[in-house]
Amino acid sequence: MSAEEKPLNFLEQLIKSDLEAGVVEKVVTRFPPEPNGYLHIGHAKSICLNFGLALKFNGACNLRFDDTNPAKEEMEYVEAIKQDVSWLGFSWDGEERYASSYFDTFYEWAVHLVNTGKAYVCDLNAEQAREYRGTLTEAGKNSPFRDRSAAENLELLEKMKAGEFEEGAKVLRAKIDMSHGNINMRDPILYRIRKQSHHQTGDKWCIYPTYDFAHGQEDAIEGITHSICTLEFADHRPLYEWFIANLPVPAKPRQYEFGRLNLNYTVTSKRKLKQLVDENYVDGWDDPRMPTIAGYRRRGYTPASIRKFCEMIGVTKADGVVDVAMLEHAIRDDLDKNAPRAMCVLRPLKVVLTNYAADKSENLTAPGHPQREDLPERTLSFSNEVYIDADDFREEANKKYKRLVLGKRVRLRNAYVIEADEAIKDDNGNIIEVRARVIENTLGNKPEDGINPKGVIQWVDAKDNTEFEVRLYDRLFTDAAPDSGDKNFLDFINSDSLVTLQKCYGEKGLAAAAPGEVFQFEREGYFCRDASEKTAGQCVFNRTIGLKDSWAKIENK
RNA sequence: UGGGGUGUAGCCAAGCGGUAAGGCAGCGGGUUUUGAUCCCGUCAUGCGAAGGUUCGAAUCCUUCCACCCCAGCCA
C-alpha cells in the first residue's frame, strides 16, 4: 500500500478537518519530554507522531523540556534527548524550549488567579491534603484555608516565592470544586515549595509549578495547536481547559490523547529502566538490550526501522500490547535491503583441505549484496585451511540437514564445493578438525560429476582473517509481560540475554568496519560494529537481530 | 456506589448505513550459492454480548459485560 493510500489515523483526520475548516491555519505540535531519563521506544512513537504530523501537514513541531521538577531532572538527560530526537531523523522548530523559561509568566498568571479569587494558598500538609481530597467515590471537603482574602493569598504567595516557608509548609491551589467527580478538579496544586536548584534556572526559584499548572500554558505560549499526550492524561483535560479559560493566555491549544505503546517482552517505564541501569542489571542506558533509543542505536537498529515500526503500529486510543516481532520485522526488513553482506564464523571449526596446496592461497570475489549491484564487491582470501561454524558439520545426519556431513558435500559460499572425509577428535571425543577435499572446478560451477551439494555454508580463511568479539543479544525478559499485575519484572530477566563469544573469525575486509556500521553476517544475522566508548580500541560486533530461522523450527519439531 | 477511556483474527489496525483493507505472526507451496530475501496461496458467515431500528448494521438506538486509567506537593 503506498503512502497516499494509507488511511489517516484519528489525529490526522482531525487535523485535516481542522485545517480545511480553518480552525487552525498551521498545525503546531510539540514533543515535551521531562529530562529525567533516557528516551525509549514509547517516546519514539510520540516523536514520530508529533514530528510526523508537522511534516505531513506542513506545520512545525517544537522540542520542549517539561522541566518543572528539579528534584528529578538533569542536564545529562537533556543532552541525550536532543541527540536521540536528532538521530531519529527529526528537526525541531527553532531552538529547544524549556518550561522553565516561562516560570516568570507562570508566576504572573498565578498572581492573576489569586487576584481573581480563583487560587489560594493552603497550609494543609500532604497527608491532610489527601484526607481532604476525598476518594474516588466520595467527595472531598473544602480546605480551611480556602477562603483567605486575595490580599492575604498574594502576600503568602510572595513569601512562598521569597523562600520564607519550608518545603511542604504551603502550596498554591486553584479554587475549583472539592466535590468534582474528576479528582484533578478538586482544588489542584499549582505551586509547591522546592528548595532545590534547577539545571536551567539555578537557584532563582524555590517554588515550582506542577505539570497541570504548566503544560497547557506552555502550549499556549508556544502557539501549539494540537497538544498530543497519552491516554492517562485524558482526566487532566478539563483542568487543562480550565486554565486556558481562566488565564490571559495568548492562544487556545487543545489537548488530544492517544494510546501509549506497550511492547511484549519489554519494560517501558522510566522508573524501571532506571532501576535496571542503577542496579547494574544492564551496562548503562545504551546497553543494546535496553528498549531505549540509545540502546537500539548501539544494537544496530536504524532510525528508518524505528520510524517504520511506528508507522506500522498505528495510532489509536485503544491500549494494546504490540508484539515485539513487529519491531524485529522492521529492522530485518531495512537491514536485508541495505546492509552489506559478509561472512563470519562464530564457533570456529577448522577444515583442512587436503587436496589444496598448503603453500597456495588465492583471492576470491563476492558480491556486496545479492540484490544490490551498487554495493561494492569484496575480496575473500582462500587457502587450504578454513574455518566453518561448528554447527555446520555433523558426522552423520538425516536428509533434512543441509550442511557438511562426513562423506557428503557442501558449498562453501562464494567458493568451492568440498567433501568431508574425516573428523579429527581430541581425547574427549570432541571434533577439533575436519579433513576434506575441494571438488575440482566448482568455483562458480556445479560439480562435473553431477553430485550437487545440498547446502551452502559460510567460511573464513584460517590464515588470513579478522578476529573479533561478538556479543549475541536476546530479549531481556523471559516473560511476555514482565511488569504486569503484581509481578516483579526483575524475576524475569533472561540470564542468556547476552552471550559473549571471543575469537570469532570474519573475512579480512571486516577489519575496516566503521563503528556503528552494520553488516549481515550471512546465515547468522545482522551485526553492528560497536561504537561505544566502552569498547574503544577493541573490535566488537553486536548482534542486532538474527535472520529468520525456519531451520530452528524444523529441528525443534 | 464517582469520573474518564477502550473492545474488529494470536498481535497491531482500516472501516464513518451498502454486505469485514493492510501489516506482523502462523501455515502450505515455488525460486535461491544465505534453511535469509523474494514470489504465490491460506488465515474473521464474523466485528465484546443481547435486544431493537432498517430493504440492508461492525457502523444508528437500548441494555448488559469485560478491560484500562485516576485519590503525588510526579509527569
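Every chain is numbered from 1 and lettered A, B, ... according to where its sequence line falls, protein lines coming before strand lines. What you see is a predicted model; the values in this text were computed from it and never measured.
- Residues A/Ala318 and A/Val171 each lie close to RNA chain B; by heavy-atom proximity, the contact nearer the 5' end of the strand is made by A/Ala318.
- Note on A/Arg237: nothing from the nucleic acid sits closer than 4.0 angstrom, heavy atoms only.
- One can place CG of A/Asp319 at 14 Å from C1' of B/rC70, the figure rounded to the nearest angstrom.
- With a 6.0 Å cutoff to the six-membered ring centre and a 45° limit on the axis angle, A/Lys161 counts as a cation-pi contact of A/Tyr107.
- Contact annotation: A/Arg271 side-chain N/O to B/rA75 OP1/OP2 distance is not under 4.0 Å.
- Across all strands shown, B/rA14 has no partner, as no Watson-Crick or G-U wobble contact with both distances under 3.5 Å is found.
- Counting to the nearest Å, the P atom of B/rC73 and the CG atom of A/Asn125 are 11 Å from each other.
- To the nearest angstrom, P of B/rC39 lies 12 Å from NZ of A/Lys548.
- Between the side chain of A/Arg332 and the base of B/rU37 there is no donor-acceptor pair of N/O atoms closer than 3.5 Å.
- Distance NZ (A/Lys6) to P (B/rG22): 14 Å, rounded to an integer number of Å.
- Nucleotide B/rG26 is matched to B/rU42 when pairs are restricted to Watson-Crick or G-U wobble geometry with both distances under 3.5 angstrom.
- For A/Phe541 and A/Phe527, the ring centers are positioned 6.0 Å apart or more.
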